[in-house]
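Reckoned from all heavy atoms, side chains included, excluding hydrogens, waters and symmetry mates. Every chain is numbered from 1 and lettered A, B, ... according to where its sequence line falls, protein lines coming before strand lines.
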Number of protein chains: 2
Amino acid sequence: MKLYEKLADEITEAVRRGVFAAGERIASVRQASQQHGVSIKTVLHAYALLESRGIVETRPQSGYFVRDAAAKALAPASAATRAGRKSTPPQPAPATVDVSRLVLSTLRSIRAHDAVPFGSPYPDPSLFPWRRINQYANAIARRHASWNLIDDLPPGNPELIRQIARRYAENGLPVDPGEIVITLGATEAINLSLQAVAKPGDTVAVESPTYYAMLHAIERLGMRAIEVTTHPVDGIDIDALATVIARQKIAACMVMPNFQNPLGFCMSDERKRQLVELLAAHEIPAIENDVYQELYFGDTRPSTLKTFDKNGLVLHCASFSKSLSASYRIGWALPGRYRAQFEKLKFLNTLTTPSVPQVALADYLRQDGYDRHLRHLRRVYRQQASIMSALVLRFFPVGTRVSTPQGGYVLWVELPARVDAMRLYQAALARGITVGPGMMFSTRNDYRHFIRLNYSYPWIAQAEAALKTLGELVTAMA
Amino acid sequence: MKLYEKLADEITEAVRRGVFAAGERIASVRQASQQHGVSIKTVLHAYALLESRGIVETRPQSGYFVRDAAAKALAPASAATRAGRKSTPPQPAPATVDVSRLVLSTLRSIRAHDAVPFGSPYPDPSLFPWRRINQYANAIARRHASWNLIDDLPPGNPELIRQIARRYAENGLPVDPGEIVITLGATEAINLSLQAVAKPGDTVAVESPTYYAMLHAIERLGMRAIEVTTHPVDGIDIDALATVIARQKIAACMVMPNFQNPLGFCMSDERKRQLVELLAAHEIPAIENDVYQELYFGDTRPSTLKTFDKNGLVLHCASFSKSLSASYRIGWALPGRYRAQFEKLKFLNTLTTPSVPQVALADYLRQDGYDRHLRHLRRVYRQQASIMSALVLRFFPVGTRVSTPQGGYVLWVELPARVDAMRLYQAALARGITVGPGMMFSTRNDYRHFIRLNYSYPWIAQAEAALKTLGELVTAMA
């Protein structure tokens with residue numbers, strides 16, 4: 001094969017693979033000559049061949065462009081899917097639920113279908129103070145021309161750590177700033193916490209239903225989950241947990257005492273204290289997911305397990321993702337007596353958390369109206385929680401029950417027992433609506449007639465219509 | 001207690017906890033008044049009390065600073081260390097080197113001492129196009145008011161993936177964009193690659209000396225490293241590797257064929273092909289660290305192991321951290337036949353890579369002068385490599401040998417055998433100079449008389465003086 005044919009074939013292949021999109025300019029003759037280490041003449045030959053094949057076209061004064069028709073004809077749908085442009089509809093759930101696969105496929109379907117996002121686990125980002133935070137990020141480049149990632153190695157940016165400690169202190173929950181380690185969102189905080197206290201093969205107690213990130217952490221580390229009955233108002237059943245502990249060795253207990261996802265309860269101080277004491281009596285570390293800490297509907301921020309921890313056995317995990325900025329991915333942990341191990345794991349896992357978001361959030365927290373923003377957010381969520389509850393009860397058939405969230409932005413809905421949430425999920429998706437199927441919240445294939453609904457998005461006519469459609473689907477299935 | 005006493009006590013407590021470090025300026029009177037919601041007069045009283053207690057001192061025209069003595073007296077060493085502001089000098093290496101602890105302590109000492117950063121593993125950020133990239137990041141907030149992290153779930157932002165694939169194609173190394181997964185820097189790419197192909201207890205072959213991130217990944221996952229002789233010009237000894245493979249089960253082989261850190265060699269195409277074929281014959285996955293791919297000193301970008309991979313056994317890892325932006329933490333992997341598992345692990349490990357940096361880098365790559373920036377960077381590094389080599393040979397005693405890097409920004413220096421690199425590291429640190437002790441690059445406590453020097457920082461008189469000082473220290477120890 002001649003050199004120019006080889007070059008032409010490479011470019012054709014690149015178009016086929018979607019590397020060059022329809023209408024996009026490819027390298028100039030001079031650039032291509034340098035890049036491929038071939039003569040100008042070879043490139044000209046290759047480009048002429050591509051033109052004759054209908055792959056590229058010349059535009060006067062502009063260069064060579066990929067022809068629309070060529071890109072469409074060459075690019076197989078599967079390549080586009082694999083590049084993450086588009087996703088196939090999720091498959092029906094297998095007998096044994098692979099929680100992480102189901103979750104990822106649900107998330108993708110939300111993106112792909114531009115659907116009504118009742119199934120989304122994330123808060124509506126339009127309520128977040130994007131522009132303000134970004135202004136701080138932009139200012140950083142000017143302030144720190146030679147600014148270096150060494151500055152913000154684990155445990156993290158000192159000023160951000162100080163601001164986080166200050167918020168706890170201001171809410172009457174004093175913590176030692178020296179205990180805080182910044183992470184890549186609460187996801188990493190939970191993962192590293194579990195890795196710091198348990199090893200592959202260990203058994204970990206979780207709530208049932210439980211937030212699936214907990215199950216992911218367990219799956220990722222090759223551990224086993226044991227699910228403990230959890231009351232929709234009181235939280236994890238402490239007697240049931242005691243029975244589990246008496247029967248087998250439990251390496252850790254993962255819970256979400258405040259505004260649990262999906263149930264929405266807030267454990268009382270008394271129950272939090274009992275839980276901490278039960279676990280301490282058996283030297284079992286507690287991993288506390290407190291990501292909704294700022295999203296309370298009551299008058300004040302609730303306590304945490306950490307509040308009652310005398311032994312450093314509580315690893316407290318939180319983030320700004322649910323209250324300030326999901327895409328900045330800034331979380332933190334207070335890992336108690338496991339801090340040294342946790343910090344080392346953080347360093348090994350991702351080296352450091354990106355600095356720009358850390359510094360930008362620290363600046364925002366120090367200087368801007370975080371409390372005002374939160375007051376607004378809480379008011380909106382509280383209001384939308386009652387609207388959605390009322391409408392579910394109006395549109396859904398008899399036998400439907402809904403949770404009473406004390407904070408956060410998700411509603412847990414029990415459907416009539418005959419309704420299969422996975423079938424509902426598919427049928428709703430076909431109508432441009434997503435829901436969170438209950439099976440995501442258990443490894444036991446439980447909660448087949450439950451769904452989780454996100455009420456953080458603005459409550460407009462379209463959302464009401466979507467909920468009405470859901471109600472009709474459920475009624476038809478019941 | 002009076003208000004000003006309460007404020008003074010709070011600040012004392014903060015100093016004790018390391019929230020304010022020795023020599024650090026505390027809030028101005030006006031700032032403190034705003035932050036604590038007290039009058040200017042109260043703050044002045046509180047600061048006077050702190051001065052009288054010897055906690056802070058005033059400096060004319062500058063403000064209030066924590067006194068060194070106060071911080072030392074109040075802050076227990078462990079607290080300061082835990083807050084990460086300051087680190088104790090590293091301990092002499094134990095018989096078995098704990099590589100990650102040594103590395104972290106080296107990094108911290110660079111930060112704490114504001115030292116000449118010969119020991120830094122990172123490139124000088126002042127050569128990076130900060131302002132340009134940040135302008136793109138800033139523009140994103142305006143474009144995407146309701147912009148959502150679901151958009152950039154694994155595998156990552158589609159446009160960034162396309163831009164990365166395009167760069168490979170333009171360099172004559174075509175890849176399938178559908179194979180690319182965006183990660184949190186190369187660190188995560190390497191970690192997840194190893195986790196995708198091997199399990200705890202497995203043995204992994206690495207170069208010797210090897211880049212310590214490889215050793216970290218192995219340590220993190222509870223695997224064992226076996227070090228294979230590596231030639232400073234040719235790269236890993238393929239015969240020696242074959243012998244190792246014949247003797248025991250190897251789960252993976254981790255290498256850095258281009259501009260290896262610390263040796264700086266670039267394996268020839270022929271050796272790369274031989275390596276890929278040897279591993280393929282035994283079905284052993286190769287994890288290829290190609291983070292310096294753009295930092296070549298020759299005319300064109302070298303090939304990769306991926307270039308020769310016919311079986312999908314090469315997991316190719318790279319990032320923008322060494323060539324465009326270290327603190328944005330954007331890396332990627334081409335995980336070959338392990339792609340599905342890799343993508344799932346990415347999702348479980350950190351959910352998603354922050355979106356702002358992904359979109360900002362995609363915009364920069366599409367629109368801006370990345371190639372021009374890289375040409376400049378390569379020219380500077382190549383020049384500084386020869387300056388540093390020449391000066392090391394001039395200032396250091398007979399018996400010193402230096403590597404001849406083919407790319408990247410680190411020099412590997414063999415000192416006379418009697419010099420202990422750990423002692424040199426300590427002595428240099430006391431003079432405000434850091435070096436990378438050789439023991440970081442092996443788990444066997446090897447390379448005790450080797451150091452790694454970073455030559456990416458601007459070559460100014462101060463750097464030359466620092467190198468002269470190093471030479472004197474080495475001469476005294478030899």
Side-chain angles (χ1 to χ4, degrees), chain A residues 10 13-14 17-20 27 35-37 79 82-85 100 104 107-108 110-111 120 122 125-126 130-131 134 137-138 141 145-151 153 155 158 162 176-178 184-185 187-188 191 200 216 219-220 326-329 339 344 347-351 354-357, chain B residues 17-19 79 82-85 100 104 107-108 110-111 122 125-126 130-131 134 137-138 141 145-151 153 155-156 158 161-162 165-166 169-172 174 176-178 184-185 187-188 191 200 216 219-220 300 326-329 344 347-351 354-357:
Chain A
E10 272 181 34
E13 177 64 12
R17 285 179 160 168
V19 175
F20 298 108
Q35 285 160 5
H36 297 275
R82 282 154 61 212
R85 311 278 241 287
S100 65
L104 190 52
L107 293 177
R108 287 205 173 126
I110 294 169
R111 174 175 63 173
S120 170
Y122 305 116
S126 73
W130 279 107
R131 284 155 211 270
N134 230 277
N138 194 42
S146 70
W147 167 77
N148 199 317
L149 66 77
I150 292 187
D151 295 342
L153 281 175
R162 215 170 60 79
D176 178 359
L184 219 260
T187 306
E188 191 182 40
N191 274 327
H216 289 172
E219 176 184 343
R220 169 181 168 269
S327 64
Y328 270 45
R329 314 286 309 119
R339 188 186 178 289
K344 182 170 159 174
F347 181 66
L348 295 181
N349 193 47
T350 49
L351 188 59
S355 288
V356 180
Chain B
R17 283 183 159 167
V19 176
R82 281 154 62 213
R85 309 294 265 279
S100 64
L104 190 51
L107 292 176
R108 285 201 175 132
I110 294 169
R111 174 175 61 171
Y122 305 117
S126 72
W130 278 106
R131 284 154 211 272
N134 229 275
N138 194 41
S146 69
W147 164 78
N148 199 317
L149 65 76
I150 292 186
D151 294 343
L153 281 175
I161 287 173
R162 212 169 63 81
R166 207 179 63 166
E170 287 174 356
N171 281 286
D176 178 358
L184 218 261
T187 304
E188 191 183 39
N191 275 328
H216 288 172
E219 177 184 341
R220 169 180 168 272
T300 54
S327 64
Y328 270 45
R329 316 284 310 118
K344 181 171 161 177
F347 180 66
L348 294 183
N349 193 46
T350 50
L351 188 60
S355 289
V356 180

### Task
With sequence neighbours excluded, tell me which residues meet salt bridge (charged side-chain N to carboxylate O under 4.0 Å, His left out) with E13(A).
R16(A), R17(A)

### Query
Looking at OH of Y122(B) and CG of L153(A), how far apart are the two atoms once the value is rounded to the nearest 0.5 Å?
5.5 Å

### Summary
Across all chains, not counting sequence neighbours, the ring-ring contact (aromatic ring centres under 6.0 Å, His included) partners of H36(A) are none

### Query
Do you know the tightest heavy-atom contact between N349(A) and T187(B)?
O-CG2, 3.9 Å

### Query
Which region of N191(B), side chain (C-beta onward) or backbone (N, CA, C, O), has a non-hydrogen atom less than 4.5 Å from a non-hydrogen atom of chain A, or is it both or neither?
side chain

### Task
Drop me the distance from R329(A)'s CZ to R329(B)'s CZ, to the nearest 0.5 angstrom.
15.0 Å

### Task
Answer whether the closest heavy-atom distance between the side chains of E219(A) and K344(B) falls below 4.5 Å.
yes

